[in-house]
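Notes to accompany the following structure.
Just so we're on the same page: letters track the sequence lines, and every chain starts at 1.
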Number of protein chains: 2
Amino acid sequence: MNRVFKALSDPTRRRVLELLRQRPMTAGELSDQFTVSKPTMSAHFAVLREADLVDADKQGATITYRLKLSVLEDAILGFSSAFGIGTEPTLRKETQS
Amino acid sequence: MNRVFKALSDPTRRRVLELLRQRPMTAGELSDQFTVSKPTMSAHFAVLREADLVDADKQGATITYRLKLSVLEDAILGFSSAFGIGTEPTLRKETQS
DNA sequence: TTGGTATTTAGCTAAATATCGAAATGATTG
DNA sequence: CAATCATTTCGATATTTAGCTAAATACCAA
């Protein structure tokens with residue numbers, strides 16, 4: 001859980017997660033959205049994997065990253081509830097898209 | 001807003017915020033809850049101030065820190081809503097203490 | 001096998017961060 | 001005023017982080 005917060009502390013990584021929220025993308029597609037080098041992006045992906053915020057599946061030479069929304073959700077909701085933020089006691093399990 | 005996430009990336013600082021959620025506390029009281037030195041704690045307080053997550057008021061020699069819950073709330077809710085997490089569109093404007 | 005594409009690993013630098021002890025600041029109290 | 005208390009600033013060190021280029025790995029196609 002500390003790793004999740006560490007992962008979220010970098011704007012590039014937060015942006016990656018936002019992109020992945022729309023659809024899974026390959027490392028290359030993601031890298032194309034940023035101005036930093038591919039090795040740098042690869043390091044960001046590694047941080048996200050360590051935090052368990054994404055899943056990586058390899059199809060041949062390409063690797064597709066997918067957001068693990070439930071992990072992000074658990075971290076955010078857990079933190080929020082320690083502060084009484086947002087979601088009032090009715091812990092609603094809303095249909096996810 | 002990046003500063004908020006950076007501030008939240010350290011467990012000591014998150015814990016400070018949790019303590020302040022219960023009541024405002026002085027720098028000394030807060031420091032007593034941790035094993036690190038006072039200068040180190042002072043640096044953490046500075047990060048929290050820069051992120052605008054706390055307010056500091058000085059009464060004589062002592063400084064009382066107070067959580068700015070609305071700032072934390074805005075950051076978390078803003079982030080969460082980008083992911084459709086938790087709090088459904090009912091953007092409630094809660095009165096802050 | 002050779003060449004090309006996708007991605008990561010290795011090795012590095014520069015900058016940021018966390019930590020400390022010592023000293024400084026500022027208020028309070030004898 | 002001098003001592004003391006609360007807190008921060010200073011100066012130093014160690015660690016972590018983000019970034020780069022170059023090289024390695026893995027796969028695919030011809």
Side-chain angles (χ1 to χ4, degrees), chain A residues 1-20 22-68 72 75 79, chain B residues 1-20 22-68 72 75 79:
Chain A
M1 200 238 194
N2 191 39
R3 257 188 276 263
V4 171
F5 278 97
K6 280 284 210 279
L8 294 180
S9 74
D10 183 273
T12 296
R13 288 190 294 260
R14 288 198 302 275
R15 186 83 206 299
V16 167
L17 294 177
E18 284 192 39
L19 289 169
L20 290 181
Q22 326 205 5
R23 62 186 171 85
M25 291 176 80
T26 66
E29 283 179 303
L30 287 167
S31 292
D32 289 348
Q33 307 292 320
F34 298 86
T35 55
V36 301
S37 72
K38 280 163 200 255
T40 295
M41 290 303 296
S42 186
H44 284 308
F45 300 150
V47 171
L48 293 172
R49 281 194 312 263
E50 298 248 324
D52 199 33
L53 284 167
V54 300
D55 245 7
D57 5 314
K58 183 170 214 159
Q59 306 98 34
T62 79
I63 297 183
T64 298
Y65 285 103
R66 178 186 323 275
L67 176 63
K68 293 177 79 168
L72 182 59
F79 179 76
Chain B
M1 200 240 193
N2 191 38
R3 257 188 275 265
V4 171
F5 278 97
K6 280 283 208 274
L8 295 181
S9 74
D10 183 275
T12 296
R13 289 190 295 259
R14 288 198 303 276
R15 187 84 206 299
V16 167
L17 294 178
E18 283 191 42
L19 289 169
L20 290 181
Q22 326 204 7
R23 62 186 170 86
M25 291 177 80
T26 67
E29 283 179 302
L30 286 168
S31 292
D32 289 347
Q33 306 292 320
F34 298 86
T35 54
V36 301
S37 71
K38 279 161 201 260
T40 295
M41 290 302 297
S42 187
H44 284 309
F45 299 150
V47 172
L48 292 172
R49 282 194 311 263
E50 299 247 324
D52 198 34
L53 284 167
V54 300
D55 243 9
D57 7 314
K58 183 170 215 159
Q59 307 101 35
T62 79
I63 297 183
T64 298
Y65 285 104
R66 179 185 323 276
L67 175 63
K68 293 178 79 169
L72 182 59
F79 179 76

>> Within the 4.0 Å heavy-atom criterion, would you say A:V47 contacts the bases, only the backbone, or no part of the nucleic acid?
In response: nothing
> D:dA26 C1' sits how many Å from A:D57 CG, rounded?
Replying inline: 16 Å
>> If I take atom CE in residue B:M41 and atom P in nucleotide C:dC20, what distance separates them, rounded to the nearest angstrom?
In response: 10 Å
>> By nearest atom, which of the nucleotides D:dG19, C:dA27, D:dA18 is closest to the A:V36 side chain?
In response: D:dG19
> When you measure from the side chain of B:S42, which nucleotide among D:dT9, D:dG19, C:dA10 comes out closest?
Replying inline: D:dT9
> What's the CD-P distance between A:Q59 and D:dA26, to the nearest Å?
Replying inline: 17 Å
> Would you say C:dT8 has OP1 or OP2 under 4.0 Å from some side-chain N or O of A:Y65?
Replying inline: yes
> Just how far, in rounded Å, is P of D:dC28 from NZ of A:K58?
Replying inline: 10 Å
> Touch check for A:F34, heavy atoms < 4.0 angstrom, all strands: base, sugar-phosphate only, or nothing?
Replying inline: nothing
>> Between A:T40 and D:dC20, is there a contact of a side-chain N or O with OP1 or OP2 at under 4.0 Å?
In response: yes
>> Rounding to an integer number of Å, can you tell me how far B:K6 NZ sits from C:dA18 C1'?
In response: 14 Å
>> Would A:R14 pass as a cation-pi partner of B:F5, given that its NZ or CZ must be under 6.0 Å from the six-membered ring centre and within 45 degrees of the axis?
In response: yes
> Are A:M25 and A:L20 close enough that some pair of their side-chain heavy atoms sits under 4.5 Å apart?
Replying inline: yes
> Which whole-number value in Å describes the distance from A:R49 CZ to C:dT8 P?
Replying inline: 6 Å
> Could you give the NZ-to-P distance, from A:K38 to D:dA23, as a whole number of Å?
Replying inline: 19 Å
> Any side-chain heavy-atom pair from A:V4 and A:F79 closer than 4.5 angstrom?
Replying inline: no
>> Nearest whole Å is fine: how far is C:dT7 P from A:H44 NE2?
In response: 16 Å
> How is B:T26 classified with respect to the nucleic acid when contacts are heavy atoms under 4.0 Å: base, sugar-phosphate, or nothing?
Replying inline: sugar-phosphate
> Below 4.5 Å, heavy atoms only, C-beta onward: do B:V54 and B:L17 meet side chain to side chain?
Replying inline: yes
>> Contact between B:K38 and B:D32 at the side-chain level, heavy atoms closer than 4.5 Å - yes or no?
In response: yes
> Using a cut-off of 4.0 Å on non-hydrogen atoms, how would the nucleic acid contact of A:T62 be classed: base, sugar-phosphate, or nothing?
Replying inline: sugar-phosphate
>> Checking contacts here: which listed nucleotide (C:dT19, D:dT7, C:dA18) is nearest the side-chain heavy atoms of B:A43?
In response: C:dT19
> What's the closest nucleotide to the A:S37 side chain, out of C:dT8, D:dT21, C:dG21?
Replying inline: D:dT21
